[in-house]
Number of protein chains: 2
Amino acid sequence: MRLLLVEDDRLLAEGLASQLEKAGFSVDITRTAKEAVILGEQEEYKAGVLDLGLPDGNGLDVLRKWRSSKATFPVLILTARGDWQDKVNGLKAGADDYLAKPFQTEELIARLNAIMRRSEGRVQSSVKAGRFELDENRQCLKVDDGSEHSLTGTEFRLLRCLMGRPGHIFSKEQLMEQLYNLNESPNENIIEAYIRRLRKLVGAETIATRRGQGYLFNDAV
Amino acid sequence: MRLLLVEDDRLLAEGLASQLEKAGFSVDITRTAKEAVILGEQEEYKAGVLDLGLPDGNGLDVLRKWRSSKATFPVLILTARGDWQDKVNGLKAGADDYLAKPFQTEELIARLNAIMRRSEGRVQSSVKAGRFELDENRQCLKVDDGSEHSLTGTEFRLLRCLMGRPGHIFSKEQLMEQLYNLNESPNENIIEAYIRRLRKLVGAETIATRRGQGYLFNDAV
DNA sequence: CACTAACCTGAACTCTTTCTGAAAAATACC
DNA sequence: GGTATTTTTCAGAAAGAGTTCAGGTTAGTG
């Protein structure tokens with residue numbers, strides 16, 4: 001779950017990032033409008049959190065540039081308390097939601113999940129597919145027969161990505177982008193290694209390979 | 001732009017509806033949870049506005065019933081001022097946004113546009129011809145009888161070319177140009193080889209040969 | 001009717017991608 | 001500081017896609 005956080009207050013940014021990472025996101029931070037535009041256009045994020053007050057430009061301009069390019073990930077904007085006009089302008093510029101400072105991180109996470117769920121075309125809050133169900137809170141996998149298996153962080157994030165859209169083919173590159181941010185980018189074989197482990201849990205036939213294209217979660221099994 | 005407004009306060013509902021209609025929406029109003037569930041499941045709405053306080057049931061239950069059926073349109077929920085728990089519950093139940101009462105209609109409209117834009121953002125492209133349909137996303141071939149067959153990259157590109165213009169004759173040279181760039185130019189027999197493979201999938205009569213001219217996809221079969 | 005060019009066919013070959021098991025490195029936990 | 005867990009890397013094996021080839025068929029032509 002890759003996320004772009006655009007926030008110039010370094011302390012706030014890093015505090016938020018650490019909490020978001022605990023919630024399973026992989027966070028890139030930038031403090032300038034200029035860099036935000038470039039990152040948003042070039043990288044593949046699942047969502048963006050955008051502070052409107054930036055040192056080198058207006059956050060709304062960043063948003064507009066994203067929207068006029070191919071950066072279509074959902075964006076949540078952070079506004080000063082009660083700044084009514086900013087909200088409406090932001091929503092008109094293509095934002096998907098806003099949050100007024102100060103806010104609780106819990107709410108930020110809930111809202112991010114909501115806008116991402118929507119953008120992924122998923123409407124249910126629990127991730128179910130086929131005979132399996134992913135428990136977001138306990139980070140474990142439940143099977144139809146009542147059995148349960150706990151997952152490591154990476155296993156969980158990868159499986160959530162696949163199960164979030166059963167039948168959809170995810171390329172290895174896409175999966176890499178979901179699991180890792182700019183700083184960390186291990187060998188692409190890592191995906192194969194994790195796919196193998198997941199297959200041991202859910203059965204080999206449940207995660208199908210489309211050679212040259214990617215992997216998909218097969219919920220029809 | 002059809003919209004479902006679930007609100008038990010008749011005065012508020014009608015005032016809102018009239019403003020939403022000015023903004024270009026076509027609004028259905030219902031005042032009960034029971035009717036809301038039925039309407040949401042049976043009609044085709046672009047979005048829903050849902051008040052959580054209803055006389056005959058909780059709005060969240062309505063939302064959950066929609067989400068567990070095929071009612072996947074984006075939903076904005078209306079909550080009492082500052083009712084923090086309702087918001088999070090609503091978002092978790094699959095709502096796309098919320099608005100605390102009292103609110104300005106301008107903001108409601110801006111937010112509705114935001115969530116609709118997002119939900120429409122996904123376009124699934126597919127090519128249909130005869131009894132067959134080509135799924136661009138999953139790179140697979142679907143047949144009328146419900147069966148499905150995944151394709152390799154080259155199979156897919158060739159078939160998409162032919163199915164993109166049923167009845168049109170493509171010469172082998174044209175097909176070569178579609179499949180390969182200047183650097184790679186294999187033996188022209190490669191086309192014959194792939195045509196053969198495709199015929200095994202769609203039936204020999206579906207791809208006709210025009211000796212000396214080329215091949216065509218026959219959608220009249 | 002015989003000839004030829006175009007097309008069909010099945011199998012073999014090459015090359016790339018993916019799988020696999022194990023081991024090394026990093027990290028978290030006590 | 002040591003141990004357990006998790007993440008990452010590696011290299012050989014296996015599988016699959018792409019391509020070629022040799023020979024068989026067929027449709028058109030004079």
Side-chain angles (χ1 to χ4, degrees), chain A residues 1 18 21-22 24 26 139-141 149-162 169-218, chain B residues 139-141 149-162 169-218:
Chain A
M1 288 289 217
S18 103
E21 276 164 4
K22 276 184 194 158
S26 171
Q139 206 168 101
C140 70
L141 178 73
H149 200 292
S150 69
L151 300 170
T152 74
T154 312
E155 286 170 353
F156 177 76
R157 283 178 289 153
L158 180 53
L159 192 52
R160 177 173 57 186
C161 185
L162 293 171
I169 298 172
F170 293 91
S171 72
K172 263 192 288 205
E173 291 73 22
Q174 286 176 316
L175 295 172
M176 286 293 287
E177 283 171 5
Q178 290 305 310
L179 297 186
Y180 305 98
N181 59 28
L182 289 175
N183 304 324
E184 18 169 38
S185 49
N187 192 314
E188 278 207 354
N189 181 257
I190 192 75
I191 298 294
E192 294 166 25
Y194 270 102
I195 289 285
R196 172 154 174 71
R197 258 179 256 179
L198 291 179
R199 278 178 174 156
K200 284 183 177 169
L201 289 179
V202 299
E205 69 289 353
T206 307
I207 299 177
T209 304
R210 288 281 177 278
R211 189 164 260 258
Q213 304 171 63
Y215 298 93
L216 65 94
F217 192 92
N218 188 354
Chain B
Q139 208 167 102
C140 71
L141 178 73
H149 199 292
S150 69
L151 302 169
T152 75
T154 311
E155 286 170 354
F156 177 77
R157 282 177 288 153
L158 180 54
L159 192 52
R160 178 173 54 189
C161 185
L162 293 171
I169 299 173
F170 292 91
S171 72
K172 262 192 288 203
E173 290 73 22
Q174 285 177 316
L175 295 173
M176 286 294 285
E177 281 172 16
Q178 292 298 316
L179 298 188
Y180 304 99
N181 58 28
L182 292 175
N183 305 324
E184 19 169 38
S185 45
N187 193 314
E188 277 205 356
N189 180 257
I190 193 79
I191 298 293
E192 295 168 24
Y194 270 103
I195 288 286
R196 169 149 178 74
R197 280 183 213 183
L198 291 180
R199 278 177 173 158
K200 282 185 177 169
L201 288 179
V202 299
E205 70 288 355
T206 307
I207 299 177
T209 304
R210 287 284 177 276
R211 187 167 262 258
Q213 304 174 63
Y215 299 91
L216 65 93
F217 192 91
N218 188 354

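FYI, side chains are in, hydrogens and waters are out, and symmetry mates aren't considered; it's all heavy atoms of this structure. Predicted model only: the values in this text are computed from it and were never measured. Chain naming here is simple, since letters A, B, ... match the order of the sequence lines and numbering starts at 1 in each.
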Ignoring backbone atoms, test whether Thr152(B) places a side-chain nitrogen or oxygen under 4.0 Å from the OP1 or OP2 oxygen of dG16(D). no
Rounding to an integer number of Å, can you tell me how far Leu198(B) CG sits from dT9(C) C1'? 15 Å
Across all chains, not counting sequence neighbours, the side-chain contact (heavy atoms from CB on, under 4.5 Å) partners of Glu21(A) are Val27(A)
If you compare all heavy atoms of Cys140(B) against all heavy atoms of Ser150(B), which two are closest, and at what distance to 0.1 Å? CB-CA, 3.8 Å
Length of the CD1-P vector between Ile191(A) and dT8(D), whole Å: 10 Å
Between Gly214(A) and Lys200(A), which has a closest nucleotide on DNA chain C that is more 5'? Gly214(A)
Sugar-phosphate atoms are those with a prime plus P, OP1 and OP2; base atoms are the rest. Using that split, label each nucleotide of nucleotides 25-30 of chain C B, S or - for protein heavy atoms under 4.0 Å, 5' to 3'. ------
Test log, rule side chain to side chain contact (heavy atoms under 4.5 Å, CB included), inputs Thr209(B) and Ile195(B): CA-CA 10 Å; Thr209(B) 304; Ile195(B) 288 286; 5.8 Å; no
Pick base, sugar-phosphate or nothing for Phe156(B), based on heavy-atom distances below 4.0 Å to the nucleic acid. nothing
Once each nucleotide of nucleotides 19-26 of chain D is scored for protein heavy atoms under 4.0 Å, what B/S/- sequence comes out, 5' to 3'? BBB----B
Once side chain to side chain donor-acceptor pair (under 3.5 Å) is applied, do any residues pair with Gln213(A), and if so which ones, sequence neighbours excluded? Gln139(B)
Specify the separation, in whole Å, of atom CG of Leu159(B) and atom P of dA17(D). 16 Å
Who are the side chain to side chain donor-acceptor pair (under 3.5 Å) partners of Arg211(B), not counting sequence neighbours? none
With a 4.0 Å cutoff (strictly under), does any side-chain N or O of Thr209(B) reach OP1 or OP2 of dA6(C)? no
With no hydrogens and no angle check, is any side-chain donor or acceptor of Arg199(A) less than 3.5 Å from a backbone partner on Ile207(A)? yes
Return the CG to CZ distance between Leu162(B) and Phe170(B), rounded to the nearest 0.5 Å. 6.0 Å
Can you check the Arg210(A) CZ to dA15(D) P distance for me, whole Å? 18 Å
Provide, to the nearest angstrom, the distance between the CD atom belonging to Gln139(A) and the P atom belonging to dT5(D). 16 Å
Can you spot which of Met176(B), Gln174(B), Glu173(B) makes a side chain to side chain contact (heavy atoms under 4.5 Å, CB included) with Ile191(B)? Met176(B)
Here the distance between atom P of dA6(C) and atom CD of Glu192(B), to the nearest Å, is 10 Å
Below 4.0 angstrom from OP1 or OP2 of dT17(C), is there any side-chain N or O of Lys172(A)? no
With sequence neighbours excluded, what pairs up with Asn187(B) under the side-chain contact (heavy atoms from CB on, under 4.5 Å) test? Asn189(B)
Over how many whole Å does the gap from Ile195(A) atom CD1 to dT8(D) atom C1' extend? 16 Å
Atom OH of Tyr215(B) and atom P of dC8(C): how far apart are they, to the nearest Å? 4 Å
